[in-house]
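Below is one structure, written out as structure tokens; the observations come after it.
Along the sequence shown, residues carry numbers from 1. All of these numbers come straight from a predicted model, not from anything done at the bench.
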Amino acid sequence: MADLYLKALESERKRLWAECRLKGLAAGTPQRLRIEELDNLLAQHKDKLLKR
């Protein structure tokens, strides 16, 4: 079964990263901070999946 939550997080991260690269956004911008937050959420979710 597809993990829709995981796919949504990865999709948002890819979109934001592409935007940051295109615009040349520096660290500390809202987009870059959201990427860091998404990285943490992804790690937590993957840990939770492994513990099942």
Side-chain angles (χ1 to χ4, degrees):
M1 183 180 203
D3 188 346
L4 298 179
Y5 179 69
L6 182 63
K7 287 186 181 281
L9 290 176
E10 289 173 341
S11 176
E12 182 181 357
R13 188 189 186 289
K14 286 179 187 176
R15 182 187 58 78
L16 284 171
W17 187 245
E19 179 182 344
C20 289
R21 284 185 14 225
L22 282 172
K23 293 180 179 179
L25 299 177
T29 59
Q31 292 88 341
R32 295 285 295 264
L33 294 174
R34 178 63 179 157
I35 289 172
E36 291 176 19
E37 183 181 343
L38 288 170
D39 287 341
N40 290 331
L41 291 172
L42 283 164
Q44 289 173 6
H45 186 68
K46 288 180 181 179
D47 285 343
K48 188 186 301 182
L49 289 177
L50 292 175
K51 291 181 182 179
R52 285 187 183 178

Name all residues meeting the side-chain contact (heavy atoms from CB on, under 4.5 Å) criterion together with K51; count only those two or more places apart in sequence or in a different chain, and write none if there are none. none
Which hydrophobic side chains are connected to Y5, either touching it within the sub-4.5 Å cutoff or through other members that do? L6, L9, L16, W17, I35, L38, L41, L42
Quick one: list whatever passes side-chain contact (heavy atoms from CB on, under 4.5 Å) with L49, sequence neighbours left out. D3, H45, R52
Got a sec, which hydrophobics cluster with L33, joining ILVMFWY side chains under 4.5 Å apart, including via others? none
Considering residues at least two apart in sequence or located in another chain, which fulfil the side chain to side chain donor-acceptor pair (under 3.5 Å) criterion with K23? E19
What is the distance from atom CD of E10 to atom CZ of R15, rounded to the nearest 0.5 Å? 14.5 Å
Does K7 have any salt bridge (Lys or Arg N to Asp or Glu O under 4.0 Å) partners at least two apart in sequence or in another chain, and if so, which? none
List the residues meeting side chain to side chain donor-acceptor pair (under 3.5 Å) with R32, not counting sequence neighbours, and say none if there are none. none
Going by ring pair (Phe, Tyr, Trp, His ring centres under 6.0 Å), name the pairs with one or both residues in residues 23-42, residues two or more places apart or in two chains. none
